[in-house]
Amino acid sequence: MNLAAKETGEVAAEAFMLGRLALVPDLSGALYLPDERTLVVADLHLEKGSAYAARGVLLPPYDSAATLRLLGAAIRRYQPARVVALGDSFHDGGAEARIDDACLASLRACQAGRDWLWISGNHDPAISAAMGGTVVDEFHLRGVRLRHEPSLAGAMPEIAGHLHPAAKVRMRGRALRRRCFALSPSRCVMPAMGAYAGGLNVRDAAFRPLFGLGLSAHLLGDGRLFRIDQRLLLPD
């Protein structure tokens, strides 16, 4: 453990159980389920940059390529038999028409040789067959529900996206804010993988009804993940 870890009470992130499902958080923001050979990703927001450009907000047009490189690296690392994308994979209804041939080829390479599930999100309620894979509203594995928006309904453990969790902590006298996995014994809200997706502080009111006092954050650090106790999490 390094000095910064000693100062904040961090410990290296490890695999954990959610119900009967083993989860391995990855530094990319993906989640690997080894017993199911399944990789889960959330909130890719492909073509967000081009959506903003169409409204006159000019951003570097490389976000989809960067996001797909990150996704492709995670797929090569784990070689999953299945990939589940937890919604908002495309930033809007026009993203499919705007994505360029190189990014589409990268997506096809990610999909090759494995099952691919798109869970519909609020940004992409309809994904065409041209994007490959199968579109579903939610998916269940070993008694755990995978969906886009976290839900308070029912007692089933859940993996969700949508909220783009980020954590803020203090290290060596300065504040550090990074994307994170937001965790409890019954819930995992995943960080957004999209390059332009941003993050909502886990101390925000939107997280309170989901976690109460049972929240911990697995922070995407430099070269490793850190588990941060709720008492050390700072508001923005």
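What you are looking at is a predicted structure, and each value in this text was computed from that prediction instead of being measured. One-based numbering along the sequence shown.
Residues satisfying the ring-ring contact (aromatic ring centres under 6.0 Å, His included) criterion with Phe139, sequence neighbours excluded, are absent altogether. For Arg55, there are no side-chain hydrogen bond (donor to acceptor under 3.5 Å, both in side chains) partners two or more places apart in sequence or in a different chain. In this structure Arg174 satisfies the salt bridge (charged side-chain N to carboxylate O under 4.0 Å, His left out) test with no other residue, sequence neighbours excluded. By the salt bridge (charged side-chain N to carboxylate O under 4.0 Å, His left out) test, Arg179 is found to be paired with no residue, residues two or more places apart in sequence or in another chain being considered.
Among residue pairs with one or both ends in residues 21-30, those qualifying as salt bridge (Lys or Arg N to Asp or Glu O under 4.0 Å) are Asp26-Arg77; sequence neighbours excluded. Within the structure, side chain to side chain donor-acceptor pair (under 3.5 Å) pairs that include any residue of residues 101-118 do not occur (at least two apart or interchain). Pairs of residues two or more places apart, or lying in two chains, that qualify as salt bridge (Lys or Arg N to Asp or Glu O under 4.0 Å) and include a residue from residues 206-222 are Arg178-Asp222. Sequence neighbours left out, not one pair with a member in residues 197-216 passes ring pair (Phe, Tyr, Trp, His ring centres under 6.0 Å). The stretch residues 181-201 participates, sequence neighbours left out, in these side chain to side chain donor-acceptor pair (under 3.5 Å) pairs: Glu158-Arg187, Asn201-Asp236. Pairs of residues two or more places apart, or lying in two chains, that qualify as salt bridge (Lys or Arg N to Asp or Glu O under 4.0 Å) and include a residue from residues 33-45 are Asp35-Arg142, Glu36-Arg142. Pairs passing the side chain to side chain donor-acceptor pair (under 3.5 Å) check and including a residue from residues 122-138, sequence neighbours excluded, read Glu96-Ser128, Ser120-Asp137, Asn122-His148, Asn122-His162, Glu138-His140, Glu138-Arg147. Pairs passing the side chain to side chain donor-acceptor pair (under 3.5 Å) check and including a residue from residues 62-71, sequence neighbours excluded, read Glu47-Ser64.
Gly199 approaches Arg177 most closely through the heavy-atom pair O-NH2, 3.2 Å.
A centroid separation of less than 6.0 Å is found between the aromatic rings of Phe16 and His218.
Note on ring orientation: taking the six-membered ring where Trp is involved, the planes of His45 and His164 are perpendicular (angle over 60°, cut-offs 30° and 60°).
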